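One structure is given below, encoded as structure tokens.
Worth knowing before you read on, the calculation uses all heavy atoms, side chains too, and leaves out hydrogens, waters and symmetry mates. None of the values given here were measured: they were computed from a predicted structure. Throughout, a chain's letter reflects where its sequence line sits, starting with A, and its residues are numbered from 1.
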2 protein chains.
Amino acid sequence: MVSKLNVRQVTHVACRDCSLSQLCLPLALKIEDIDELDRIIKRGRPLKKGEHLFLEGDPFHSVYAVRSGALKTYTATNEGEEQITGFYLPSELVGLSGLDTEAYPVSAQAIETTMVCEIPFDRLEKLSDDYPELRRQLMRVMCRKIREDQQMKLLLSKKNADERIATFLINLASRFRRRGFSSQSFRLSMSRNEMGNYLGLAVETVSRVFTRFQKNGLINANGKEIEITNAMELCALAGGKLVEHQDIVNIQ
Amino acid sequence: MVSKLNVRQVTHVACRDCSLSQLCLPLALKIEDIDELDRIIKRGRPLKKGEHLFLEGDPFHSVYAVRSGALKTYTATNEGEEQITGFYLPSELVGLSGLDTEAYPVSAQAIETTMVCEIPFDRLEKLSDDYPELRRQLMRVMCRKIREDQQMKLLLSKKNADERIATFLINLASRFRRRGFSSQSFRLSMSRNEMGNYLGLAVETVSRVFTRFQKNGLINANGKEIEITNAMELCALAGGKLVEHQDIVNIQ
DNA sequence: CGTCTAGTTGAGTAACATCAACGTGGGTGG
DNA sequence: CCACCCACGTTGATGTTACTCAACTAGACG
């Protein structure tokens with residue numbers, strides 16, 4: 001009896017008990033309505049690094065909220081190489097861009113051991129018929145994505161290698177901070193290769209910039225472990241701003 | 001009496017009489033519901049080239065459908081230069097990316113004499129409460145935008161100058177085609193400068209690529225007048241495909 | 001213990017930016 | 001109506017950034 005309860009708690013953390021609920025979809029709902037959302041969510045086994053959540057071209061049926069770990073989405077270029085289109089950390093929603101099509105326009109793959117909440121879209125859509133706030137939250141998520149992509153396009157068309165990496169690090173830092181983690185030091189879940197791919201840089205360039213940043217006292221990098229030692233200057237490079245001492249803001 | 005009617009027709013083309021209705025928001029509505037949408041739409045005087053529809057930071061209140069002419073949206077980089085984020089042709093919706101914020105995240109400016117339909121967002125939102133199909137259409141427009149941005153990011157991070165220009169031309173061609181115009185020959189509404197800015201290239205590079213394309217028989221360019229003389233090869237360069245003879249498809 | 005992948009570093013190179021000069025056409029003011 | 005001006009576009013010469021190729025190291029994993 002007790003053991004069964006425990007198992008259920010471990011494998012099925014309800015939205016109302018989830019530490020991410022105020023960063024994720026449930027934030028749009030009143031406490032008594034959260035269970036409604038909860039009922040349609042499916043929680044599966046963890047994905048191991050390298051496993052796919054869905055493949056480009058798979059029939060679209062669900063969006064997913066990352067619970068732990070990290071995902072990347074990517075699409076194939078004409079030459080068959082992969083182009084990474086985004087990284088997704090806990091509380092973030094992945095799969096929305098396929099929403100108006102029959103198929104996912106990108107593949108989603110775990111870049112470390114990852115747990116997700118699956119939200120079948122037809123049921124989410126029905127639910128959102130009754131909850132205007134949920135609807136608006138979905139809109140907000142998509143609008144934010146559009147604005148992020150805008151920033152990304154600016155990065156790709158105007159920024160040099162240093163600025164790209166600085167922007168990327170500051171952006172990650174702010175996403176960690178949002179979830180209550182340190183924005184000073186954190187662990188990169190992606191490889192240098194994936195970072196370069198995403199930022200439109202060769203691996204070697206990424207490596208060189210990291211080395212140079214370290215030499216100049218901006219960061220301390222030990223493999224995937226990153227410590228930001230001069231947030232001020234890193235932000236300046238990224239083109240963002242520091243609101244308070246050591247308090248990194250997302251580059252909108 | 002008659003003259004008054006005429007004036008009204010000229011300045012106030014109703015959605016139901018608009019040739020763009022099946023390419024624009026009304027396509028989500030039944031014929032009898034279109035008038036409902038029509039009632040909330042405001043149609044103002046034409047914007048002259050260079051006039052702004054809204055400025056970055058202006059309070060968000062409306063989305064706009066382009067009726068004739070063309071707009072660009074742009075944002076300021078940290079160094080104060082402009083970064084063009086999109087071009088908008090007739091039937092296309094501009095202003096949606098500010099939807100979840102208090103302010104427009106970009107400026108919108110006419111690049112030639114332009115007419116727009118203004119759709120106050122609070123009223124559109126109310127209307128969409130009653131018309132699920134309208135709601136879904138809005139979602140679709142945003143999803144498409146996200147996917148277009150994805151393609152744009154790929155262009156900016158992986159394609160060389162030739163491929164960028166080819167992609168741009170093919171994309172424009174397909175948008176003209178969608179509206180029933182020739183995809184073979186058309187007039188660019190933007191300057192070489194704006195094109196380069198948008199594509200992440202220097203003006204000189206754009207100019208050189210145009211010259212080279214012409215030399216190689218891919219296009220015939222006379223100032224802003226463009227004729228595509230080898231659609232096949234241009235598509236190949238862009239990484240798209242030709243469905244039928246001379247039948248250009250959008251690069252998804 | 002060998003193999004494989006990820007990461008780093010160096011040398012040479014290609015692609016595009018930058019700088020400069022010049023032509024052209026459309027708009028404006030005299 | 002003409003002359004001038006200015007923005008736009010083109011072309012050439014040069015410079016710079018980041019890519020490519022290659023070699024090497026270190027850690028992961030069977």
Side-chain angles (χ1 to χ4, degrees), chain A residues 48-50 70 72 77 79 81-84 109 111-113 154-169 187-216 219-226 237, chain B residues 48-50 70 72 77 79 81-84 109-113 155-169 187-216 219-226 237:
Chain A
K48 283 201 286 270
K49 177 174 173 169
K72 69 175 173 188
T77 65
E79 290 79 37
E81 315 157 68
E82 86 175 28
Q83 167 65 43
I84 296 176
Q109 186 180 25
I111 54 176
E112 55 185 29
T113 304
L154 198 149
L155 177 145
L156 290 170
S157 78
K158 290 272 186 301
K159 294 187 179 179
N160 64 23
D162 285 16
E163 292 164 345
R164 290 183 198 198
I165 304 261
T167 306
F168 183 70
L169 290 177
R187 192 174 174 286
L188 299 171
S189 42
M190 68 291 295
S191 69
R192 300 282 192 272
N193 213 319
E194 290 168 324
M195 215 183 303
N197 181 301
Y198 178 65
L199 295 173
L201 297 171
V203 200
E204 296 93 327
T205 305
V206 175
S207 188
R208 279 184 250 270
V209 173
F210 268 76
T211 307
R212 186 145 23 86
F213 277 6
Q214 184 140 14
K215 211 173 288 171
N216 297 343
I219 63 169
N220 238 315
N222 181 11
K224 294 200 181 340
E225 292 297 332
I226 299 288
L237 252 181
Chain B
K48 282 201 287 269
K49 177 175 175 170
K72 69 176 174 188
T77 66
E79 290 79 38
E81 316 156 67
E82 88 175 28
Q83 167 65 44
I84 296 175
Q109 186 180 24
I111 55 176
E112 55 185 31
T113 304
L155 177 145
L156 290 170
S157 79
K158 290 272 188 297
K159 293 186 179 180
N160 64 25
D162 285 15
E163 293 165 343
R164 290 184 198 197
I165 305 260
T167 306
F168 184 71
L169 290 177
R187 194 175 172 287
L188 299 171
S189 43
M190 68 291 296
S191 69
R192 300 284 191 270
N193 213 318
E194 290 167 326
M195 213 182 304
N197 181 302
Y198 179 66
L199 294 174
L201 298 171
V203 201
E204 295 93 329
T205 305
V206 175
S207 188
R208 279 185 250 269
V209 172
F210 267 77
T211 307
R212 186 144 25 84
F213 277 5
Q214 183 140 13
K215 210 173 290 171
N216 297 342
I219 63 170
N220 239 316
N222 182 11
K224 292 199 184 338
E225 293 296 333
I226 299 289
L237 251 181

Practice problem: Apply salt bridge (charged side-chain N to carboxylate O under 4.0 Å, His left out) to B/K72 and B/E82, showing your working. | Solution: CA-CA 11 Å; B/K72 69 176 174 188; B/E82 88 175 28; 3.0 Å; yes
Exercise. Please report the C-alpha distance between A/E112 and A/K224 in whole Å, then the side-chain angles of each, then the deciding distance to 0.1 Å, and finally whether the salt bridge (charged side-chain N to carboxylate O under 4.0 Å, His left out) criterion is met.
Key: CA-CA 13 Å; A/E112 55 185 29; A/K224 294 200 181 340; over 6 Å; no
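- In the region residues 204-211 of chain B, proximity to DNA chain D at under 4.0 angstrom, judged on heavy atoms, holds for B/E204, B/S207, B/R208, B/T211.
- Going from atom CG of B/L199 over to atom P of C/dA17 covers 11 Å, rounded to whole Å.
- Listed by chain and number, the residues in a side-chain hydrogen bond (donor to acceptor under 3.5 Å, both in side chains) with B/Q83 are A/S157, A/K158 (sequence neighbours excluded).
- Side-chain atoms of B/R164 come within 3.5 Å of backbone atoms of B/L156 as a donor-acceptor pair (strictly under, hydrogens ignored).
- Rounded to whole Å, the distance from CZ on A/R212 to C1' on C/dT8 is 14 Å.
- Between the A/T167 side chain and the A/E163 main chain, a donor and an acceptor come within less than 3.5 Å of each other.
- Looking only at distances, a side-chain donor or acceptor of A/E194 sits under 3.5 Å from a matching main-chain atom of A/S191.
- Running 5' to 3' along DNA chain D, contacts with non-hydrogen atoms of chain B at under 4.0 Å begin and end at D/dG9 to D/dA13.
- In this structure, the side chains of B/F210 and B/K215 stay at 4.5 Å or more apart for every pair of heavy atoms.
- Residue B/G200 is in sugar-phosphate contact alone, with no base atom involved, counting any heavy-atom pair closer than 4.0 Å across all strands shown.
- For the side-chain hydrogen bond (donor to acceptor under 3.5 Å, both in side chains) test, residues two or more places apart in sequence or in another chain that qualify with B/R212 are B/D162.
- For the residue pair A/N220 / A/Q214, a side-chain donor-acceptor distance below 3.5 Å is found, with atom types taken as modelled.
- Comparing the axis of the opening five pairs of the helix from C/dC1-D/dG30 to C/dG30-D/dC1 with that of the closing five pairs yields an angle of 40°, rounded to 10°.
- Annotation: side chain of A/N197 is not in contact with side chain of A/E81 (no heavy-atom distance under 4.5 Å).
- Among the heavy atoms of the strands lying under 4.0 Å from A/A161 are primed sugar atoms or P, OP1, OP2 only; no base atom is included.
- The CG-C1' distance, from B/N160 to C/dA17, rounds to 15 Å in whole Å.
- If you measure from atom CG of A/L201 to atom C1' of C/dC16, you get 15 Å, rounded to the nearest angstrom.
- By the side chain to side chain contact (heavy atoms under 4.5 Å, CB included) test, B/K49 pairs with no residue at all, sequence neighbours left out.
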